[in-house]
Structure formats: C-alpha cells, structure tokens
Amino acid sequence: MTMNDRYDPKSIEPRWQARWEEAGAFRAGRRPGAEKRYVLEMFPYPSGAMHMGHGRVYTIGDALARQLRMRGYDVLHPIGFDALGLPAENAAIKDGRHPAERTRENIVAFRAEMKRLGYAFDWDRELSTCDAEYYRWNQWFFLRMLEQGIVYRRQGKANWCTGCQTVIANEQVVDESRCERCESAVVEKVIPEWAFRITAFAQELLDGLSGLAEWPERITTMQRNWIGRSDGADVDFAVPGGETIRVFTTRVDTIFGCTYAVLAPEHPLVEKVTTPERRGEVRAFVERMRKTDVLERTGENAPKEGVFTGARAVNPFTGAEVPVWIANFVLAEYGTGAVMSVPAHDQRDLEFARKYGLPVKVVIQPAKGERIPGPDALERASTEDGVLDASGPFTGLPSAEARRKMAAHAEERGFGKAEVRWHLRDWGFSRQRYWGTPIPVVHCPKDGTVPVRDEDLPVVLPEEAIITGTGEPPLAKVPSFVETSCPKCGGPARREVETMDTFVDSSWYYARYLSPRDDRRPVDPELARRWLPVDVYVGGPEHAVMHLLYFRFWHRVMRRLGLVHEDEPCRRLVTQGIVNGPDGRKMSKRWGNVVTPGPMVDRYGADTLRLFILFAAPPEKDIDWSDEQVDGLFRFLSRVWRIFHARQDCFRVPEAALAGAGGEALELRRKTHRTIKKVTESFEGELKFNTGIAALMELVNALYQLEPADDAARAAVREALVAVATLLAPFAPHAAEELWHEVIGPAVRDRLLAEEPWPGHDPALVAADTVGIAVQVNGKLRGEVQASVTAGEAEVRALAEAEERVRAHLAGKTVRKVVFVPGRLINFVVG
RNA sequence: GGGCGGGUGGCGGAACUGGCAGACGCGCCGGACUUAGGAUCCGGUGCCGAAAGGCUUGAGGGUUCGAGUCCCUCCCUGCCCACCA
C-alpha cells in the first residue's frame, strides 16, 4: 500500500505505464461492436530530442483519445516516426555518422520520452518511414501514379536550395527566397525532375474545402488561397510578323481601357517583337532582370520598371494598336506571362503608366453614385466592378455580365476564350539527396526510363552511401546501387539516383497505421472502411499548405486506386499554438529559454506537465512556459492527493446513504454533477480543457470546505471524489489511476480507470432550484436577491424592493419601466 | 496591399444566443499551525476612496432598460499570403 500522504509521481507513474501496457489497454480494435474514433497527432520528425511543442500536441491528442475511450468508443490512437529527410542527412554530414544510425538513436530516445509522458498510444502499430517495409509503398504508389499519368518527368525551373544542395518544393521556399528547412538562399535552376500532377486535382481540392466544416477557417482559407483559382479570359493580341501575344485577364470587361501590353522579361516573344532600334535597351533590361534575385525583383516593394520593345499589338476588341513593354512586375510563371494593362482600373498598371507617361482611359463607371474623375485626375485605379463605359457594343453592361459576353464574343471570333488559372503548381518531388525513398525507375540506354517491376520492390537505400553534401547525388556514387539491368530488355542500365521529397512519406502514413505490417498492399480497404477518415487530427498550423494539402491530394489518389473510400482524409483538424519560453519569446538556444519535457517530468512528473500544458490556454493559443504555473499544477495534484487520503473513511459508507443528502451535502452533490457536465463539455466543440480543469479545481476546493459529519455527507464526498478521479483521468492519468485503485478501494482493483465509463451527470442536480437574481437600477447593479428559478416578476420585484440598498436608489424616483429576465436579473428604469 | 485572429486586473486566462465582468490558476497581503517554513490549512486581493460611492474590458462615437459581446470610426498587435493580371 502506498498510503503515504505525499504525492510522489515518480513512484506511481512508471507503475501505471507498465500496467496499461500489460493490459493492452490502448490497443485499437478491442471493441469491434463499438463505434470507432481515430485520433491522430502529426508524427514527429526525430531530428533531435523531444521538445515542448511535441509535448503539447501529444498531450492534447492524448486527452481526447483517453476521454473517447472512456466514452465507449473503439479508439485508434497510433504513433510513428517521420524519419527520412534532409535534417538527418545534414546532421550526418556534420558529425560524420550515418543518418540511419542517428535516426534510430533519436527514435529510441523519443519513444522513451513519450512512454514516460504516459501517452495512450497503440504501440503495436508504431512505424518508421525509414524502414523499407514502409517506403516500399511510396515506390509502389509512385509506379501506380506513373501508370495513371499523375507522376511525370519534366525539365523544370526548380527551386534549388544552396544549403541542402537539392531541389525543394515551391511550398518549402519561405520569405526572401530562403529554404524552409535550412534557411539558405534558394536560386532557380533548370534541371530534369519528377513531379506529381497535383494541379489536375486543383478543382477537387478546392471543392473539398467547403466540406471541411471542422477545420479551422484560417487553414481552409490558406489552402483556398494557395490553390488560387482565378476565373478570367485569354485574349490574343496580334503583333507584326504573324505572332500573337496571348494575355490572361480576370477583367476582360476593362479591355477597352487597355492602353499598353506588358510581357515578362523571360517571355519567348520578347526577342521576336523587339524592334532593331530598341534591341540594345531591351536586352540589357532582360539581362539585368535575370541577374536580380527573383524575390527582390518581383517583391511588392520593388519599384515598377520596364522598357518599351518598339512593338505594337492590336487589341482585338477595339482594333487599336497599343505599345508592347516588358516589365519586372509581370511574372513569367503565372497566366500566360503577358498582361494587358488597364491603368484606369488596375493600380500596378496605373503606377507604371504614370511613370512612363502612358495614356489612361476610364471604361468602368460605378453602378451608382459619382462618376470617376477624368483620367488625368485619377489618383488611384478604380478596381471595383461597375458599368461599362466607352466600350463599344458592350457599353452599359454591368461588369460581371460583360465578362461573360466578352469572353463568348472572343471565342466566337477565335481570338480568345474564358479561362481558369491556378496559383497551385505541380509538386516537384525529386531530391538529389540520400536519406529519402529511392525513386523506382532505371535509365536504360535502349528503352529510356523504365519503371522497376512491382515484384522487385523495395528498391532499398544502400547503407554504404557516402554523404558529403556536395557534387552529384550520393546514390550516384554507389556503383552497386546504380548498376543494374533493365527490367524491359535485361541489358545494363542505371538506376535513378534521386530520392523522394519527405512530404511523400507523411502524405499517407495515417492510412498505413491501419495495417502497418501488411506486405501485400499499402492500405487494407476493409480496414479503411472501418477506421477512416481520421476523426481528429492534431498538429501545428505551419503545415497548412504543405503537408495538409499533400495529404488531401494523396488521399484522392488512394481513392482512385480503390484503397480508401472517403473524399477527405480527416474530418476535424485541431491546430495547436506554440509553447514559448518563460520570457514570451520563441524557445531557442539563442535566447537560452528552452525548456524540454524530460527534465520537467523528472522534477514534477508527467501528470503535472500534462496539466500545465492543458491548463495554460485553449489548444490553439500560444502559451508561455511558466515555472510558477507549473508549481501551481503540482500543488493542485497534491491537494487532490491529500483530500483523497483525508476522506478515506467516506469510501466505507453504504451507497444508499447518498439519497439522504441535504444541506451542504446536497450542495456538494450539485457541484459534483455540474463539474461532470462542465468537464464533459470541455471535450466538445471548441476544446477548452483549461476551463474543464478549472472546474475540477473548484470541486476540489469545495471538498476542502466540507467536513462530512454523517453518512449522507460522506456518501456525497465519496461521489465527488470518484468524479474527480474519473474526470481527471484524461488529463493526469497516472494520479487518477493511482487514487482510483489505492484509495477508492478493492472493488475496482482489477479494473483500469482508463477503461472505465465516462460519468454522466444528473440533470436534476445540475439545475438549481434557487438562484441569485441581480437587481439593477438604471442598468447598474444595486443588489442581489435569492429566489426560486421559476419565480415570476411580481415575486422578484417585491423581494428586490425590500432590499435596503435598492430602496435607497429608488427613493424619490418614479419607476418608468421594469425589465425582468427570469432567473437572471431585474432592472428598474427610473427617472 | 489582401485574408484570418487578437487587445479584459500585477501575470496566464474566464464570461452560453446582449443580462451580476474578472471563474480557475499564478503572484501578492494577512492569519493559523510550527523550532523553522520556500510545506500545509484558512481568509483577502480590478482601480480610486476612510466610507458612502465612483470608475473599469485598446481609443472615440452609436444602438439598447442593459454592451467585453452588436454597429460605425480609429489605434496597436500576432500569423498567413503577397506585383497572381
């Protein structure tokens, strides 16, 4: 027996962790008749030790998973490791150790930490993406997607990270052309690469967002913007020499106001249209643009500049000739790389026109109100929709209608049509690095690029690779890997030496957890039917447009392959805030404000740490680490501990005694049932574990205020204590389990609190019969009266008027009006 | 520039569809118990004021019997996107 009255987490936590494991308490699939719930946290990248951010994600997810299990669901709550990727390889280059070795060590450390924190994971399903039994299925997917045309090889302008010495995805380029991972400069480089045709799914991915009602709106908005559908029209402007400049515009309704056209400096027609006398200047400009950093050149703060090509293009709507310029602000990659400029109705065009003295022509007037001033008086472009003016046959039409009619007109005449453009680009996933999934193709001198046969998977990463971080890809330097035979002709061939982007690994791991050891297929459709989609997915909002878009894409691919059935991989997304240092700044070695879970568990125990994380703020908010607050949570658990032991005798009174509870004992019962309701609600809707825990604290405070004098009171105390232990179980599972068994007694000794049913509240006890009703005079609080919840206005008014303080404020005044809100307040309006 | 959040005591944060602002915790003050307390228990704690009372949710206006909550104007701040035609 551990009946000492000091709360000592060190002695109890490992014991319960062992008990849960022995019992297999958190294995999914043990309640086949029950409804399922799949709770998933983003798996960690085991690059170093576990940090507080990990502690937060898994604590939030764990509370959810544990509570759902207690509510009777068959819960799947798996964990694994996102183990392949550049950081591990970079670290390996630095200290000369093999990434596999290093990663394995980190995984061991991570696993130990997670177990010490008592997370209710189904460890039987643990997976690591660096195992060939996992990444072989990346290769399998690659082959299927190649067959379907979703994977293709392209000669592309790629983002080349000068630090990682590899191509990275668009999404991995962050501010000022920096690599999202290593923060080195990113430059453009033209190389052949493999890409996923994610753009073919753009519409589906966009449409799917509207069904994601339980995702934070800001995440769906970010995805919507990233996918970036824009509806417009392509229009061909003829230039001398039989060429046409095709422009893309979302405002074809303004085309009668087009006074010039602009090409991107890289546009293929630049050389052709430039007149001989302008050639020198144009070439110099193009050359200068090429040398300027992309972001520097196209950033919004960059001043607009350009040069005239000497050419004139014909606006097919008006037949008028407009000058053709090239300018830094037109992007070659977007639309057609050429724009028509309407300075009166586009701010950029206006700025450019003013700078170079180009004409401005107003062609849209507001549907109502004042007309737009003449072109010379225009200070800002008028970008609103309106009614067309000076637009030939389209004059008088509202913008929206004009756009439709004008696009149709263009199509009829064969010089354009309605068109949709996307911001989303295909996902280039080739990486010239070692620590990733080998791309399963061989290059045969005779047959070209040939896919590896399914039965030859996996193409295993060779252990003996030499990783230097420079020169050609590491795999190219391993002859035993490179030299192979062609699956088609049998002749000598070379293996592809590129590996896949790590985001491939994390795009479908949630489905692999269903059958992590299945060696016949990546995902079992039967199990997918049972367990998918993920019900709650917890992770950081920084994945809004990378992982969270990729995995939606991959899910759709898997559905095409018949592996899964639902449209979307996950129903509900919870994005958690950052854990900052005690000084409110982001935890960083630089500030010396890093706090890691390990030492905190040593000092306070896992339960205190978990409670702190959940109590500090709602999950989505950032929190600051606070040693004092942590002390407070430890103190709370100690108080719980002491009151359980101080009230042990309450566990011996007969159950029936509860019925006799009155007075203080009845008040306690009410409090208990209200607490059950409140804590239960903290798991629903917006997660508000902080207020749930606050409610538990209130109940514990109430227990300290009551010295039970009879069996009825003791029974009420017991009821409250049982509730405290049960409600605490998702948050502080070890302490809860210990109190449940050791104090509550032998009746429950061979059961686990983790598997007990979640308590329900008695509505009759939750509803109060008398309440305090606020009394206001002219909206100011002047007193409070006790009355039955059902008391009517007359009764409450009489009580209120009897209050001295209220009387003082009513004295000598006429009551003009009385506002009565039953059960809440009464307000005398006097004058 | 655009989108989405935020601004509430000394601090973290509560407050359902407009209805007693400041739950709970931290910190602080006091008391009890103690050889001792940085343990524990009890009490207090938005601000001004001796009190009565007044004031108070970033600033200013409005609607309302009543506004942290709704409307308008503005300020500050976090995140994301950013010359996307």
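In what follows, chains are A, B, ... by sequence order, proteins preceding strands, each numbered from 1.
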**OP:** Hey, which sits more toward the 5' end of RNA chain B by its nearest nucleotide, F828(A) or E698(A)?
**Re:** E698(A)
**OP:** Pick the P atom in C71(B) and in G18(B), then give their distance to the nearest Å.
**Re:** 11 Å
Original post:
When the P atoms of G13(B) and G7(B) are considered, how many whole Å apart are they?
Top reply: 10 Å
Listing time: all N or O pairs from protein to nucleotides 18-20 of chain B that are below 3.5 Å?
residue : atom : partner : partner atom : Å
C20(B)  : O2   : E784(A) : OE1          : 3.4
C20(B)  : N3   : E784(A) : OE1          : 3.0
C20(B)  : N4   : G772(A) : O            : 3.1

Original post:
With rounding to whole Å, what would you report as the distance between C47(B) and G9(B) at their C1' atoms?
Top reply: 8 Å
Subject >> Counterpart residues, salt bridge (charged side-chain N to carboxylate O under 4.0 Å, His left out), relative to D253(A) (two or more places apart) >> reply: R251(A), R403(A)
**OP:** Looking at every strand, decide which applies to V339(A) at a 4.0 Å heavy-atom threshold: base, sugar-phosphate, or nothing.
**Re:** base
Original post:
What does G228(A) touch in the nucleic acid at a heavy-atom separation under 4.0 angstrom: a base, only the sugar-phosphate, or nothing?
Top reply: nothing
Original post:
What is the distance, rounded to the nearest whole Å, between atom OH of Y334(A) and atom C1' of C81(B)?
Top reply: 14 Å
Original post:
Name the stems with RNA chain B in them: runs of three or more consecutive Watson-Crick or G-U pairs, distances under 3.5 Å?
Top reply: B:1-7 with B:75-81, B:10-12 with B:24-26, B:27-32 with B:40-45, B:46-48 with B:53-55, B:58-62 with B:70-74
Subject >> Electrostatic pair E620(A):R218(A) at N-O distance under 4.0 angstrom >> reply: no
**OP:** Determine the interatomic distance between C1' on C83(B) and the same-named atom on G6(B); round to the nearest Å.
**Re:** 29 Å
**OP:** Would you mind reading off the distance between W226(A) atom CH2 and A82(B) atom C1', rounded to a whole angstrom?
**Re:** 11 Å
Original post:
What's the CG-C1' distance between L331(A) and C84(B), to the nearest Å?
Top reply: 7 Å
Original post:
Between G5(B) atom P and R218(A) atom CZ, what is the distance in whole Å?
Top reply: 10 Å
Original post:
Partners of R229(A) by salt bridge (charged side-chain N to carboxylate O under 4.0 Å, His left out), sequence neighbours excluded?
Top reply: D231(A)
**OP:** Check N778(A) against N827(A) and note the closest heavy-atom contact, atom names and distance.
**Re:** N-OD1, 3.4 Å
**OP:** For E628(A) and C28(B), give me the distance from atom CD to atom C1', rounded to whole Å.
**Re:** 13 Å
Original post:
What distance, rounded to whole Å, do you find between the two C1' atoms, one in U64(B) and one in G58(B)?
Top reply: 23 Å
**OP:** Could you tell me whether G9(B) is syn or anti, where syn means a glycosidic angle within 90 degrees of zero?
**Re:** syn
Original post:
Expressed as a whole number of Å, how far does the P atom of G68(B) sit from that of A59(B)?
Top reply: 12 Å
**OP:** Apply ring pair (Phe, Tyr, Trp, His ring centres under 6.0 Å) to F352(A) and list each qualifying residue two or more places apart in sequence or on a separate chain.
**Re:** Y260(A), W325(A), F329(A), Y356(A)
**OP:** Check the angle between the aromatic planes of F634(A) and Y7(A) and answer parallel, tilted or perpendicular using the 30° and 60° thresholds.
**Re:** tilted
**OP:** Identify which one of K355(A), R288(A), R348(A) satisfies the salt bridge (charged side-chain N to carboxylate O under 4.0 Å, His left out) criterion when paired with E305(A).
**Re:** R288(A)
Subject >> R670(A)/E667(A) ion pair, N-O < 4.0 Å >> reply: yes
Original post:
Going by an N to O cut-off under 4.0 Å, is there a salt bridge joining E681(A) and K677(A)?
Top reply: yes
Original post:
Residues in ring pair (Phe, Tyr, Trp, His ring centres under 6.0 Å) with F248(A), at least two apart?
Top reply: none
**OP:** Grab the CD1-C1' distance between I219(A) and C81(B) for me, whole Å please.
**Re:** 13 Å
Could you tabulate the donor-acceptor pairs under 3.5 Å formed by side-chain atoms of residues 684-694 of chain A, not counting sequence neighbours?
residue : atom : partner : partner atom : Å
T691(A) : OG1  : K688(A) : O            : 2.9

Using the 3.5 Å cut-off, write out each protein N or O paired with an N or O of nucleotides 7-14 of chain B and the distance between them.
residue : atom : partner : partner atom : Å
G12(B)  : O2'  : A616(A) : O            : 3.2
G13(B)  : O3'  : N690(A) : ND2          : 3.4
A14(B)  : OP1  : N690(A) : ND2          : 3.1

Subject >> Position toward the 5' end of RNA chain B (nearest nucleotide), R380(A) or G337(A) >> reply: R380(A)
**OP:** Name the nucleic acid region contacted by S626(A), choosing base, sugar-phosphate or nothing; use a 4.0 angstrom heavy-atom cut-off, strictly under.
**Re:** nothing
Original post:
Would M546(A) and H543(A) count as a side chain to side chain contact (heavy atoms under 4.5 Å, CB included) if you check the C-alpha gap in whole Å, the side-chain angles of each, and the deciding distance to 0.1 Å?
Top reply: CA-CA 5 Å; M546(A) 292 192 264; H543(A) 292 105; 5.5 Å; no
Subject >> With T250(A) via side-chain hydrogen bond (donor to acceptor under 3.5 Å, both in side chains) - residues at least two apart >> reply: none
**OP:** For nucleotides U73(B) and C81(B), find the distance between their P atoms and express it as a whole number of Å.
**Re:** 28 Å
Original post:
So does K817(A) get a side-chain nitrogen or oxygen closer than 4.0 Å to the phosphate oxygens (OP1/OP2) of C65(B)?
Top reply: yes
Original post:
To the nearest Å, how far apart are R425(A) CZ and C84(B) P?
Top reply: 13 Å
Subject >> Integer angstrom distance from the C1' of C80(B) to that of C72(B) >> reply: 28 Å
Subject >> W422(A): partners by ring pair (Phe, Tyr, Trp, His ring centres under 6.0 Å), with sequence neighbours left out >> reply: none
Original post:
Taking CG from N580(A) and P from C79(B), how many angstroms apart are they, rounded to a whole number?
Top reply: 10 Å
Original post:
Considering residues at least two apart in sequence or located in another chain, which fulfil the salt bridge (charged side-chain N to carboxylate O under 4.0 Å, His left out) criterion with R816(A)?
Top reply: none
**OP:** Inspect the contact between E801(A) and R797(A) and indicate whether a charged nitrogen and a carboxylate oxygen are less than 4.0 angstrom apart.
**Re:** yes
**OP:** Encode nucleotides 32-53 of chain B as B, S and - characters from 5' to 3', where the letter depends on protein heavy atoms closer than 4.0 Å: B to the base, S only to sugar-phosphate, - to neither.
**Re:** --------SSSS----------
